[in-house]
Asks: 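Questions regarding the structure given below will be posed in turn.
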Amino acid sequence: MPSLIHAIFFTVDVVALLTLFVSALMFIVFTIRAKGGASIPLRPIGVYEQMRRLVSHAAESGQSLHISAGSGCIGAEATPQAVMGLTAVDYLARRSAEYAYPMMSTAGSPTVFATTHGILQQAEGARGEAGGVGVRFYGPDPFAYAAGTYDTLQEKQPLAHIALGQFGAEGLWISEATNMRDGLRLGGTSDPSSAMLMWLSLDEAVIGEELYAAGAYLHHPSHLGSLATQDYLRAVLIFSIILGVVVASLGYWG
Amino acid sequence: MIVCPACQHRNPEGAEVCEACGASLEGFAYRVCPKCGALNPAENLFCHRCLERLAGATSAKGEQPPATEEAEKVLAEVEEEEGTLPPFLVEQVEEAEGAPPVAEEPAPSEEEFPEALPPFIEVEEEEEEPVSEVEGPGGGETLEAVQAEAPAVPSEEREEKEEELPQVVVNPLAGVEDVLPLEAGISLPHRAEPLPTEGPTEKERADADLLRRIAEEGPPLQEAPRKAEEKGVRRLSGSGRALIYLLVLLAAVIPFFTGGQTARWVSPRRSVGVFADVMSRLPVHTPVLVSFDYSPAYGEELDPLARAVVQQLAARSVPMVVMSTKPEGIGIAEKVCTAVAQEMDNYRYGEHYAVLGYLPGEEAGLRTLRKGLADAFREDYVRHRPLSEIPVVSGIASVTDLEHIIVLSDESGIVRRWIEQVRRENTVLLHALVSARIEPTLIPYAQAGQLETLIGGAYGAAEYERATGMRGAAAQTVDADAVLFLVMLLIAVVTNVVLISGDKGRSPRR
Amino acid sequence: MKRFLPVTAAVACGGLALLDFFFDSPHIDAAGTILVEGVTILAAFALLLGLLNILAVHLRRVASGGGDRGASLVLVLALLITTALGISMPDSPGIDWVFGYIYSPLQSTMTALLAFFVASAAYRAFKIRDAAAAILLISSLFVLFAQLPFSASLSPYIPSLRHWVFKVPVTASMRGLLFGIALGTITTSLRILLAVDKPYARSQEPR
Amino acid sequence: MQTIVNVLADLPPAAVEMVGMWVAALLTLAVLSFILGDNPLFRLAEYLFVGVAAGYAASLAWSNVLWPRLRLLVTEPGAYWYYGVFFALGILLLARGVKPLSFLGDLPLGVLFGTGAALALGGVITGTLLPQLRASFLSVSPSDYGEGVLGWACAIDALLIVLGTIAVVVVFHFSAPEDPKSRSWGYWLLNLFQGVGRKVMMVGFGALLAGAAFSFFAVLKGRLAFLCDWITHVVDVGL
């Protein structure tokens with residue numbers, strides 16, 4: 001029996017496939033339920049609340065909002081983080097199309113740039129504006145991105161600067177360099193070392209997993225399925241840790 | 001500052017045309033508060049947020065609170081009554097309804113608003129219109145949303161406020177203004193009053209629609225601390241910042257004067273000792289893969305460590321294959337290897353070591369590496385020859401043929417990538433020599449055995465030099481770290497002393 | 001059709017790459033290799049698009065003649081010269097010179113600025129407002145101190161305490177964070193792979 | 001172009017190096033001047049940096065990615081036909097810049113997103129989630145670690161790691177109670193763990209902050225050492 005458990009758990013691919021299958025199943029079920037209108041109450045996350053509020057501010061004042069979707073390359077492991085940055089861009093762009101406030105974006109990775117370009121192009125089309133699309137590419141060097149973003153912020157003086165997506169140490173660079181001027185600075189990333197730096201410096205920041213909740217907090221409700229999946233997977237994870245510790249303590253492990 | 005209505009450029013006070021786009025600033029829409037940065041309608045005398053007097057806003061009204069302030073206040077009062085208007089307002093409403101239609105004259109634009117207003121009563125007359133609109137069909141949600149967020153004021157307190165109305169400075173909508181852009185609704189006069197003769201204009205319809213949509217924007221999940229207040233708590237003044245910068249600079253300059261006094265205490269940690277031991281026992285015929293996955297950004301931190309490791313390998317003539325998954329890394333790799341090879345005569349390119357080049361494609365790149373070295377790099381970086389012609393590489397089909405991989409990195413993502421894409425087969429031992437910044441992030445991997453070694457660059461180099469008995473430059477600058485600690489300690493003390501003496505009772509950050 | 005093709009491509013490529021991850025078969029392996037090489041090529045083309053954007057933004061600025069005109073000109077010239085040097089003569093000492101004496105020092109000094117920034121950020125973080133802030137303060141000052149060469153000579157317990165801090169609470173916190181990130185990554189990736197989220201499709205449906 | 005390079009190549013290496021050192025030192029000073037506030041020198045260095053970084057990346061993309069594959073495609077189209085497909089997709093991606101054709105870029109981006117998501121998903125499950133999960137299965141039985149106090153200490157450590165990990169994982173739980181004043185034991189436990197988890201997380205953040213300070217400080221020391229070298233050189237050689 002112990003050797004069987006051990007054998008199963010050490011042939012990675014079976015367990016990995018099982019994990020994938022279970023999470024995909026959960027995801028599908030919860031997403032269908034969420035699309036059907038099922039809702040869960042969420043704990044507040046400062047960044048997303050402030051973003052929703054900023055939209056009203058921007059609509060009211062006509063001031064611009066600036067968002068950086070980070071330097072994560074799409075097509076690599078940073079894709080999910082970049083997607084969350086782009087979700088935030090999408091949120092602001094849709095609102096910008098409705099309320100006609102200007103928005104500006106900088107991208108630190110060429111692939112993020114291409115996607116942002118498309119999103120903003122559509123928003124600006126909807127807003128009936130001609131002219132250049134409000135996205136700039138700086139990079140792909142992270143610090144060149146930081147320098148370029150700093151420069152754009154200096155030039156445009158937006159109401160707020162949002163840095164959401166994949167960031168390294170340049171996240172700290174951008175937020176501290178722009179600290180000298182006013183305007184709200186929000187953002188965050190998932191990688192702990194960079195998230196910590198941004199959390200230190202920004203007015204409000206998301207850390208780690210909170211980044212992946214951007215969709216659910218900004219685009220209610222179809223994204224709620226993801227959060228429900230995450231919460232249930234979390235329960236499964238905790239349960240399996242406890243089970244594993246018990247098994248290990250009883251000596252049935254390795 | 002004056003915000004250009006066309007391009008949102010912030011122009012200095014008194015500008016007549018926009019500096020950025022040249023548009024006329026006559027009738028500009030917004031003025032920026034010099035104190036808190038909040039944006040105010042051009043007619044405001046005082047900032048709606050911090051009540052600072054706005055530069056350039058001169059009017060016969062003198063020191064009285066601006067019209068919109070009172071307007072907001074009255075609106076709040078009205079809302080507290082759950083839609084039933086206070087008696088004095090009801091009179092005003094009746095007056096207004098009985099009065100000749102206001103719409104015969106064009107609706108006053110925002111710019112004319114304050115000047116056109118006689119004192120107090122007029123304000124109320126302006127006010128009840130948004131309210132009535134709010135009560136009307138389609139606007140009901142606005143009111144509900146506001147009510148949900150409005151602070152509940154006991155009725156006695158409200159009566160007191162009504163009495164001292166003109167002097168009140170505190171904005172009763174303090175917690176609300178950030179939720180809903182009430183100013184927008186308030187300062188659009190006469191918008192919703194149904195005209196007896198003609199319907200609302202296109203613009204008015206658009207404005208009403210805008211207000212409705214803004215109102216429909218879901219209320220935030222929980223009232224967070226206000227932005228302006230938070231700034232005051234958290235932002236550092238210019239001089240304080242300069243002082244901190246100066247201290248850090250001083251700390252960094254110290255070693256040039258002390259010359260490494262504390263270096264004699266450097267002793268390698270266990271992990272460094274073990275790694276140095278592994279390196280000194282490597283068989284001289286199996287190549288080691290060294291990946292220089294850091295950019296010049298962290299060169300000052302990781303170069304000494306890289307040089308120490310390459311030196312040790314070269315001294316024992318251990319074959320070495322060098323690559324990089326960061327575009328800038330390969331330049332560094334070549335520089336370090338060439339420098340070391342020049343010192344050691346019997347360590348030759350091609351025979352003992354080879355620089356394969358930059359492997360593009362992050363994850364994807366590493367996967368090709370697992371599938372075959374020759375697929376990933378078609379030729380080497382230095383001589384541009386096919387890999388099969390280079391003796392040191394010819395025996396390696398893919399990374400799984402190797403025993404040790406040393407990754408020098410400044411990004412935890414890169415190390416994670418190596419773990420996820422290459423280390424999976426459990427045959428290769430992965431040694432991560434990383435920037436101290438990301439060392440803690442990777443500890444779980446080291447604890448789980450996915451990383452054989454984990455060494456932080458900033459202090460690792462000095463310890464590694466000590467462990468291998470080499471003489472290097474890394475130990476010479478360790479004095480500065482002690483001063484850095486003192487600076488951080490000082491910062492901690494000062495910030496808390498300032499907190500105790502000055503900022504009592506401010507809300508916590510999160 | 002405008003939406004069908006991109007979505008199909010995303011799902012198909014994602015499925016292929018996943019299969020490659022979980023199954024060992026020469027055919028899937030070959031297809032996977034092609035796919036990942038293709039991603040590299042696409043990223044290079046995206047970079048080209050990005051460069052065109054930089055050039056457009058800054059050439060427009062040079063033409064419009066604002067205050068930053070000179071700096072923009074420097075940017076454009078630097079970009080063009082570096083690209084030309086790198087493409088026409090990749091092995092010339094010229095590009096090495098640019099890398100060694102312009103690019104490296106600039107990037108490195110940009111990083112060096114972070115030493116100042118982290119100190120000023122710490123000024124705010126070190127304010128003891130609650131228990132969590134106090135723990136942050138104590139833990140960071142302790143780790144800073146325990147790393148100093150002479151700390152071990154002050155007390156032999158300091159290195160062992162540092163070791164314990166890294167082995168127990170730091171491991172726990174980082175592992176917890178990593179688990180969280182893993183969960184987030186799983187759902188976000190599934191959103192893309194099951195085409196619930198299509199940020200790449202420009203003509204998106206309203207949410 | 002070639003002649004300029006030839007002229008440069010003919011220069012004595014020492015001169016080239018000296019010019020390089022001066023340029024590097026001045027640029028270092030220009031960037032460091034940012035701590036005094038934004039200034040034109042910093043601006044200039046910043047713009048130069050952005051330009052050089054982009055140009056360098058472009059040349060690498062060409063010489064490492066595009067050119068070798070293009071050459072293979074041209075010389076052996078039969079074996080490397082698939083490069084042609086991706087080059088075509090790449091050109092579609094460029095259409096993103098042209099407004100009426102912008103939708104063409106969706107297709108290559110779809111490929112990128114799909115592949116990236118799959119790589120991240122596979123990598124995170126096989127590389128992080130499962131190995132870390134297995135590493136969390138720590139025995140909390142003292143007898144597994146040794147005799148006496150040592151065994152107990154290790155067992156307690158293991159228990160603390162497990163509890164700490166669970167607490168930090170719980171911190172990110174997203175659902176909130178329907179009624180914020182809910183008194184059920186489940187929410188009480190959740191709150192307790194979240195409180196503990198935040199504090200455990202802060203210990204980790206403290207270590208990260210210390211590491212970051214060391215790291216950036218080491219870079220700063222390096223830059224100052226370089227400036228010091230430069231000054232010594234200038235003093236010694238007299239320009």
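Numbers restart at 1 for each chain; the letters A, B, ... are given by sequence-line order, proteins then strands. All values reported here derive from a predicted model rather than from experimental measurement. Side chains are part of it too, since the values below use all heavy atoms of this structure and drop only hydrogens, waters and symmetry mates.
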Asks: CG/C/Leu16 to OG1/D/Thr115 distance, rounded to the nearest 0.5 angstrom?
Replies: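 It is 8.0 Å, given to the nearest 0.5 Å.
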
Asks: Show the numbers, then the answer: is there a side chain to side chain contact (heavy atoms under 4.5 Å, CB included) between D/Phe217 and C/Leu144?
Replies: CA-CA 12 Å; D/Phe217 194 63; C/Leu144 276 169; over 6 Å; no

Asks: Check each atom of D/Val19 against the heavy atoms of chain C and say whether the ones under 4.5 Å are side chain, backbone, both or neither.
Replies: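 For D/Val19, heavy atoms of backbone and side chain both lie under 4.5 Å from chain C.
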
Asks: Under a 4.5 Å cutoff for heavy-atom pairs, which residue among D/Asn64, D/Leu60, D/Val23 has the most contacts with chain C?
Replies: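 Option with the greatest count: D/Val23.
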
Asks: Would a 4.5 Å heavy-atom cut-off, applied to side chains only, mark C/Arg175 and D/Val168 as touching?
Replies: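 A side-chain contact is absent here, since even the closest heavy-atom pair is not under 4.5 Å.
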
Asks: If we count only N and O atoms by modelled type, under 3.5 Å, do the side chains of C/Glu37 and D/Tyr82 hold a donor and an acceptor together?
Replies: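 Side chains of C/Glu37 and D/Tyr82: no pair found under 3.5 Å.
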
Asks: Taking the side chain as C-beta and beyond, is there a heavy-atom pair between C/Tyr101 and D/Glu17 under 4.5 Å?
Replies: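 Sidechains of D/Glu17 and C/Tyr101: in contact.
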
Asks: Can you measure from CZ (D/Phe34) to CZ (C/Phe116) and round to the nearest 0.5 angstrom?
Replies: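 If we round to the nearest 0.5 Å, D/Phe34:CZ and C/Phe116:CZ are 11.5 Å apart.
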
Asks: Considering only heavy atoms and a distance below 4.5 Å, find which of D/Phe214, D/Phe205, D/Phe172 pairs most often with chain C.
Replies: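 Between D/Phe214, D/Phe205, D/Phe172, the count favours D/Phe214.
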
Asks: With a 4.5 Å cut-off on side-chain heavy atoms, are D/Tyr56 and C/Ile95 touching?
Replies: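 Answer yes - side chains close enough.
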
Asks: In terms of heavy-atom pairs under 4.5 Å, which option from D/Leu208, D/Val170, D/Leu94 contacts chain C the most?
Replies: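 Top count of heavy-atom pairs under 4.5 Å with chain C: D/Leu94.
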
Asks: Checking D/Ala135 against chain C: side chain, backbone, both or neither under 4.5 Å from a heavy atom?
Replies: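 Its backbone and side chain both get close to chain C.
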
Asks: Taking all atoms of both residues into account, what is the closest heavy-atom pair of C/Val170 and D/Gly204, and its distance?
Replies: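 What the structure gives for the nearest pair is CG2-CA, 4.3 Å.
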
Asks: Using heavy-atom distances under 4.5 Å, tell me whether C/Ser72 contacts chain D through its side chain, its backbone, both, or neither.
Replies: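 Both parts, backbone and side chain.
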
Asks: Among C/Thr8, C/Leu177, C/Thr171, C/Leu77, single out the residue with the greatest number of heavy-atom pairs under 4.5 Å to chain D.
Replies: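 Looking at each option in turn, the highest pair count goes to C/Leu177.
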
Asks: Looking at every non-hydrogen atom in both residues, tell me the closest pair between D/Phe113 and C/Pro199 and how far apart they are.
Replies: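 Answer, listing the atom of D/Phe113 first, then C/Pro199: CE2-CG, 3.5 Å.
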
Asks: Which pair of heavy atoms, one from D/Gly206 and one from C/Leu136, lies closest together, and at what distance?
Replies: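 Closest pair (atom of D/Gly206, atom of C/Leu136, distance): N-CD1, 3.5 Å.
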
Asks: So, taking the atom named OG in C/Ser120 and the one named CD1 in D/Ile35, what distance separates them when rounded to the nearest 0.5 Å?
Replies: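 Nearest 0.5 Å value for the OG-CD1 distance: 11.0 Å.
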
Asks: Which residue out of C/Ile181, C/Leu141, C/Thr83 racks up the most heavy-atom pairs below 4.5 Å with chain D?
Replies: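 Highest number of pairs under 4.5 Å: C/Thr83.
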
Asks: Checking D/Phe87 against chain C: side chain, backbone, both or neither under 4.5 Å from a heavy atom?
Replies: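 Both backbone and side chain.
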
Asks: To the nearest 0.5 Å, what is the distance between CD1 on C/Ile41 and CG on D/Leu89?
Replies: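 Separation between the atoms: 9.5 Å.
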
Asks: Within a strict 4.5 Å, meaning less than it, do heavy atoms of the D/Leu48 and C/Leu75 side chains meet?
Replies: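 No - every pair of side-chain heavy atoms lies 4.5 Å or more apart.
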
Asks: For a quick test of reading the model, state the closest non-hydrogen atom pair linking D/Gly122 to C/Leu18 and the distance between them.
Replies: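 D/Gly122 and C/Leu18 have their closest heavy atoms at N-CD2, 4.2 Å.
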
Asks: Could you tell me if the side chain of D/Val111 sits less than 4.5 Å from the side chain of C/Leu42, heavy atoms only?
Replies: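 Yes, close enough: below the 4.5 Å cut-off.
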
Asks: Among C/Leu52, C/Ile186, C/Leu190, which has the most heavy-atom pairs under 4.5 Å with chain D?
Replies: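 The answer is C/Ile186.
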
Asks: Side chain, backbone, both or neither: which part of C/Leu114 has a non-hydrogen atom closer than 4.5 Å to chain D?
Replies: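 The answer is both parts of C/Leu114.
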
Asks: Does the side chain of D/Leu66 come within less than 4.5 Å of C/Phe45's, by heavy atoms?
Replies: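 Yes, at least one pair of side-chain atoms sits under 4.5 Å.
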
Asks: C/Ser108 and D/Val219: which non-hydrogen atoms are nearest, and at how many Å?
Replies: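 Result for this residue pair: O-CG1, 3.3 Å.
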
Asks: Determine whether D/Arg223 and C/Pro105 make a side-chain contact, defined as any pair of heavy atoms from C-beta on separated by less than 4.5 Å.
Replies: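 Yes; the side chains approach each other to less than 4.5 Å.
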
Asks: For the candidates D/Ser63, D/Ser59, D/Ser215, which exhibits the highest count of non-hydrogen atom pairs separated by less than 4.5 Å from chain C?
Replies: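 Most heavy-atom pairs under 4.5 Å with chain C: D/Ser59.
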
Asks: Give, as side chain, backbone, both or neither, the part of C/Val11 having an atom under 4.5 angstrom from any heavy atom of chain D.
Replies: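 Neither part.
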
Asks: How far does CD1 of D/Ile166 sit from CZ of C/Phe179, to the nearest 0.5 angstrom?
Replies: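 With rounding to 0.5 Å, CD1 (D/Ile166) is 9.5 Å from CZ (C/Phe179).
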
Asks: With a 4.5 angstrom heavy-atom cut-off, is it the side chain or the backbone of C/Phe166 that approaches chain D, or both, or neither?
Replies: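 Side chain of C/Phe166 only, per the 4.5 Å heavy-atom cut-off to chain D.
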
Asks: Among C/Leu19, C/Leu49, C/Val165, who wins on heavy-atom pairs under 4.5 Å with chain D?
Replies: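 Between C/Leu19, C/Leu49, C/Val165, the count favours C/Leu49.
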
Asks: Below 4.5 Å, heavy-atom pairs only: which of D/Thr165, D/Leu107, D/Leu32, D/Leu109 has the largest tally toward chain C?
Replies: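 Winner by heavy-atom pair count: D/Thr165.
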
Asks: With rounding to the nearest 0.5 angstrom, report the CD1 to CH2 distance, C/Ile34 to D/Trp81.
Replies: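 Spacing of CD1 (C/Ile34) from CH2 (D/Trp81) equals 5.0 Å.
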
Asks: Heavy atoms only: give me the nearest D/Ala118-C/Gly14 pair and the separation to one decimal.
Replies: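 That would be CB-O, 3.1 Å.
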
Asks: Who wins among D/Val50, D/Val65, D/Thr128 for the most heavy-atom pairs under 4.5 Å with chain C?
Replies: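 Top count of heavy-atom pairs under 4.5 Å with chain C: D/Val65.
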
Asks: Between D/Leu92 and chain C, with a heavy-atom cut-off of 4.5 Å, which part of the residue counts as in contact: side chain, backbone, both or neither?
Replies: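 D/Leu92 has no heavy atom closer than 4.5 Å to chain C.
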
Asks: Quick one: of C/Ala172, C/Gly100, C/Gly86, C/Gly176, who has the most non-hydrogen atom pairs under 4.5 Å with chain D?
Replies: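 Of the options given, most contacts go to C/Ala172.
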
Asks: Between C/Ile102 and chain D, with a heavy-atom cut-off of 4.5 Å, which part of the residue counts as in contact: side chain, backbone, both or neither?
Replies: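 Its backbone and side chain both get close to chain D.
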
Asks: I'd like to verify something: which residue of C/Leu113, C/Val76, C/Val74, C/Val143 has the highest number of heavy-atom pairs under 4.5 Å with chain D?
Replies: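 The residue among C/Leu113, C/Val76, C/Val74, C/Val143 with the greatest pair count is C/Leu113.
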
Asks: Counting N and O atoms only, with roles assigned by atom type, does the side chain of C/Ser139 sit under 3.5 Å from a partner on the main chain of D/Val203, one being a donor and the other an acceptor?
Replies: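 Yes; at least one donor-acceptor contact below 3.5 Å.
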
Asks: Are C/Thr109 and D/Leu27 close enough that some pair of their side-chain heavy atoms sits under 4.5 Å apart?
Replies: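 Not in contact.
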
Asks: Please classify the contact of C/Met110 with chain D as side chain, backbone, both or neither, using a heavy-atom distance under 4.5 Å.
Replies: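 When you check distances to chain D, atoms from both the backbone and side chain of C/Met110 fall under 4.5 Å.
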
